[in-house]
Amino acid sequence: MKGLCTGSVLALAFSLVLAACGDDQPTPGARSECAAGGELNDCPDSERTPEDACWRLVECGAIGIKGTDANQFNWARCVDTLDGVTSDYRKLAIDCIAASTCDQLRVDGSPNQPNRNQLYCITIAYGDR
């Protein structure tokens with residue numbers, strides 16, 4: 001009887017340990033722990049600078065850090081793009097990136113050859129020009 005109780009206690013303890021682990025893993029394809037996406041998750045809001053917004057695109061696998069092609073949209077070109085628009089459009093684009101999930105940020109060809117026209121948060125930075 002004592003062996004049965006010990007086995008039951010061990011099985012219960014093991015199941016509690018497994019239940020405590022949860023499924024708080026990053027989204028597949030995400031590059032960082034908080035790249036699961038959006039403001040609705042448990043991660044803190046992203047910084048609201050062009051550099052940090054573009055890092056979020058990199059962390060989510062939407063764009064690459066460096067490109068092999070001079071025309072490739074990568075981190076540096078993302079920062080240049082956001083720095084090159086008026087402050088109201090820059091804020092709109094950065095807020096869009098911060099609020100979007102990684103799935104919403106990735107586009108055809110991400111991260112090596114992203115279709116820039118599909119990067120919605122970047123294209124809204126241009127407004128109605």
Side-chain angles (χ1 to χ4, degrees):
M1 184 70 133
K2 183 178 179 180
L4 181 60
C5 288
T6 303
S8 297
V9 169
L10 287 175
L12 177 63
F14 182 71
S15 64
L16 290 174
V17 168
L18 287 178
C21 292
D23 187 22
D24 295 332
Q25 299 299 315
T27 302
R31 302 299 203 283
S32 75
E33 186 176 319
C34 286
E39 295 180 350
L40 298 178
N41 64 12
D42 293 336
C43 295
D45 287 344
S46 300
E47 289 290 325
R48 301 298 168 110
T49 65
E51 292 83 4
D52 290 320
C54 294
W55 274 120
R56 175 153 169 72
L57 290 174
V58 170
E59 291 169 348
C60 284
I63 63 173
I65 295 173
K66 291 185 178 181
T68 55
D69 179 352
N71 294 320
Q72 181 179 342
F73 192 76
N74 55 30
W75 183 85
R77 292 194 71 186
C78 175
V79 172
D80 289 345
T81 298
L82 293 176
D83 280 340
V85 297
T86 60
S87 62
D88 55 339
Y89 284 118
R90 179 174 34 256
K91 181 180 178 345
L92 180 64
I94 290 171
D95 288 348
C96 177
I97 291 168
S100 297
T101 66
C102 286
D103 286 341
Q104 291 170 327
L105 294 172
R106 284 188 293 269
V107 298
D108 293 340
S110 287
N112 298 325
Q113 293 292 332
N115 182 340
R116 184 175 174 178
N117 294 328
Q118 292 178 345
L119 289 168
Y120 178 73
C121 293
I122 297 296
T123 59
I124 64 172
Y126 291 105
D128 294 323
R129 295 193 236 176

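Computation of the quantities below employed the complete heavy-atom set of this structure, encompassing side-chain atoms and omitting hydrogens, waters and symmetry-equivalent molecules.
Nearest heavy-atom pair, Cys121 versus Ser100, reported as atom, atom and distance to 0.1 Å: SG-OG, 3.7 Å. For the residue pair Ala93 and Leu82, the shortest heavy atom distance occurs at CB-CD2, 3.6 Å. Contact between Ser110 and Gly61 at its shortest, heavy atoms only, is CB-O, 3.3 Å.
Within the structure, ring-ring contact (aromatic ring centres under 6.0 Å, His included) contacts touching residues 96-123 (residues at least two apart or in different chains) do not occur. Residue pairs meeting the ring-ring contact (aromatic ring centres under 6.0 Å, His included) criterion with at least one member in residues 51-74, sequence neighbours excluded: Trp55-Trp75. Screening residues 82-92 for salt bridge (charged side-chain N to carboxylate O under 4.0 Å, His left out), with sequence neighbours left out, gives Lys91-Asp95.
Between Arg116 atom CZ and Cys78 atom SG the span is 9.0 Å, to the nearest 0.5 Å. To the nearest 0.5 Å, atoms SG (Cys54) and CD1 (Ile94) are separated by 7.5 Å. Between Cys96 atom SG and Leu119 atom CG the span is 10.0 Å, to the nearest 0.5 Å. With rounding to the nearest 0.5 Å, the separation of CD1 in Ile65 from CD in Glu59 is 9.5 Å.
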From CA spacing to verdict: side-chain contact (heavy atoms from CB on, under 4.5 Å), Ile63, Arg77 = CA-CA 10 Å; Ile63 63 173; Arg77 292 194 71 186; over 6 Å; no
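Contact annotation: the side chain of Ile97 approaches that of Ile122 to within less than 4.5 Å [non-hydrogen atoms, C-beta and beyond]. Contact check for Asn74 versus Val58: no side-chain heavy atoms found under the 4.5 Å cut-off.
Every residue meeting the side-chain hydrogen bond (donor to acceptor under 3.5 Å, both in side chains) condition with Gln118, not counting sequence neighbours, appears here in chain and number order: Asp108.
Gln72 places a side-chain N or O within donor-acceptor distance of the main-chain N or O of Asn112, the cut-off being under 3.5 Å.
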